[in-house]
Amino acid sequence: MKNAYGFGKTVALGFDDAVQKVTSELAREGFGVLTEIDVQATMKKKLDIDVRPYRILGACNPPLARRALDAEPTIGLLLPCNVVVRESNDGRTQVEFMDPATMQALSESAALGEVATEVRARLVRVMEAV
C-alpha cells in the first residue's frame, strides 16, 4: 500500500498480534504510543454499527518531535505520527503509516525536511520488521 500520504503492507499476523508487534517495533525505534484509538469500539458505542477491527496508534519519538517543533512550531498540527492497524474486508491485517514526507512537502524548512527523512526511515524499518 502506498499513496500520497502513507505507506504500509499486509502482514501475516492476526489483528491483536499485529498491534503488539507494531508497538514493540516502534519502541525499538524510539517511539512511544501516546494515543490509541479503537475505531471499532467507538463506532459501536457512538453509532451502534459494527466495523472490522481498526486501531489508530499515535506514535511519538520525543527527540525527533522536539527537533520538528523547533524547526517549525506549527508542525504540531501534523503530530503525532499515526500508524493504523486494521482488518481488511478480506480478513487480512493491514499495517499503514502516515508518511512524514507529507510534512516535508508542506513546509519549506530544510531542518524539518531532515527530521521528516529520519522519521520516515525509522517508520520504514518498523514496517519491514512487522
Side-chain angles (χ1 to χ4, degrees):
M1 172 256 152
K2 181 161 180 29
N3 57 39
Y5 52 88
F7 55 89
K9 70 178 190 178
T10 302
V11 298
L13 296 169
F15 178 80
D16 291 328
D17 289 339
V19 171
Q20 289 179 332
K21 180 70 171 169
V22 167
T23 302
S24 172
E25 292 300 330
L26 284 167
R28 288 172 51 111
E29 289 292 338
F31 291 87
V33 175
L34 299 178
T35 60
E36 187 169 329
I37 302 169
D38 184 337
V39 175
Q40 181 185 42
T42 300
M43 293 296 178
K44 185 64 176 174
K45 180 178 179 181
K46 300 291 184 179
L47 302 175
D48 195 29
I49 60 172
D50 295 313
V51 298
R52 294 189 175 278
Y54 194 117
R55 194 86 36 93
I56 303 170
L57 307 174
C60 180
N61 177 307
L64 293 174
R66 167 87 190 262
R67 286 177 45 204
L69 291 165
D70 285 348
E72 190 162 321
T74 58
I75 204 63
L77 291 166
L78 300 176
L79 298 177
C81 297
N82 283 329
V83 179
V84 169
V85 179
R86 65 182 179 87
E87 186 179 286
S88 64
N89 289 339
D90 62 6
R92 298 188 305 168
T93 304
Q94 302 292 124
V95 178
E96 300 160 341
F97 300 81
M98 185 277 300
D99 192 342
T102 303
M103 289 189 297
Q104 189 174 359
L106 297 173
S107 172
E108 296 179 12
S109 169
L112 183 62
E114 292 171 13
V115 175
T117 298
E118 185 173 342
V119 171
R120 188 178 199 288
R122 289 176 185 236
L123 293 177
V124 166
R125 286 194 298 266
V126 171
M127 180 186 71
E128 291 171 348
V130 176

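From a predicted model like this one, the values you see are computed outputs, not experimental measurements.
Summarising the geometry of C60 relative to P80, their closest heavy-atom pair is CB-CB, 4.4 Å, with the distance given to 0.1 Å. For A18 against T93, the heavy-atom pair with the smallest separation is CB-CG2, 3.6 Å. The two residues S107 and S109 make their nearest non-hydrogen contact at OG-N, 3.0 Å. Nearest approach of D99 to R120, heavy atoms of both residues: OD1-NE, 2.9 Å.
The structure places CG of D90 at 8.5 Å from CD of E87, a figure rounded to the nearest 0.5 Å. The CE atom of M98 lies 7.0 Å from the CG atom of L78; values are rounded to the nearest 0.5 Å. Between I75 atom CD1 and L112 atom CG the span is 4.5 Å, to the nearest 0.5 Å.
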M127 vs V95, side-chain contact (heavy atoms from CB on, under 4.5 Å): CA-CA, chis, key distance, verdict: CA-CA 7 Å; M127 180 186 71; V95 178; 5.8 Å; no
Chi angles and distances behind the side-chain contact (heavy atoms from CB on, under 4.5 Å) call for L123, L26: CA-CA 8 Å; L123 293 177; L26 284 167; 3.9 Å; yes
Criterion side-chain contact (heavy atoms from CB on, under 4.5 Å) on V22 and V83, from CA distance to verdict: CA-CA 9 Å; V22 167; V83 179; 3.8 Å; yes
Residue pair V85, V19: steps toward the side-chain contact (heavy atoms from CB on, under 4.5 Å) verdict: CA-CA 6 Å; V85 179; V19 171; 3.8 Å; yes
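Considering only residues two or more places apart in sequence or on other chains, D38 meets the salt bridge (Lys or Arg N to Asp or Glu O under 4.0 Å) condition with R55. With sequence neighbours excluded, no residue forms a salt bridge (Lys or Arg N to Asp or Glu O under 4.0 Å) with K9. Annotation: ring pair (Phe, Tyr, Trp, His ring centres under 6.0 Å) contacts of F31 (sequence neighbours excluded): none. Here F7 pairs with F97 under the ring pair (Phe, Tyr, Trp, His ring centres under 6.0 Å) rule; sequence neighbours left out.
In the hydrophobic cluster analysis, where Ile, Leu, Val, Met, Phe, Trp and Tyr join through side-chain heavy atoms closer than 4.5 angstrom, I37 is grouped apart from L34. The hydrophobic clustering, which links ILVMFWY residues whose side-chain heavy atoms are closer than 4.5 Å, places V39 and L47 together. Tracing side-chain contacts under 4.5 Å through hydrophobic residues (I, L, V, M, F, W, Y), one never reaches L77 starting from V119; they form parts of separate clusters. Note on V126: it does not cluster hydrophobically with V84, by side-chain heavy-atom contacts below 4.5 Å among ILVMFWY residues. Placement of L57 and L13 within a single hydrophobic cluster is found when ILVMFWY residues are connected by side-chain heavy-atom separations under 4.5 Å, directly or transitively.
Among pairs with a residue in residues 68-83, those fulfilling salt bridge (Lys or Arg N to Asp or Glu O under 4.0 Å) read R66-D70, at least two apart in sequence or across chains. Legend: side chain to side chain donor-acceptor pair (under 3.5 Å) pairs involving residues 121-130, not counting sequence neighbours, sorted by first then second residue: E29-R125, E118-R122.
By the neighbour-count criterion of 12 heavy atoms within 6.0 Å, atom CZ of R52 is densely surrounded, having more than that number from other residues, nucleotides or ligands.
Within the 4.5 Å cutoff, side-chain heavy atoms of N82 are placed close to those of I56.
Between the side chain of Q40 and the backbone N or O of Y54 there is no donor-acceptor pair closer than 3.5 Å. Between the N61 side chain and the G30 main chain, a donor and an acceptor come within less than 3.5 Å of each other.
The closest side-chain donor-acceptor pair between Q94 and T10 falls under 3.5 angstrom.
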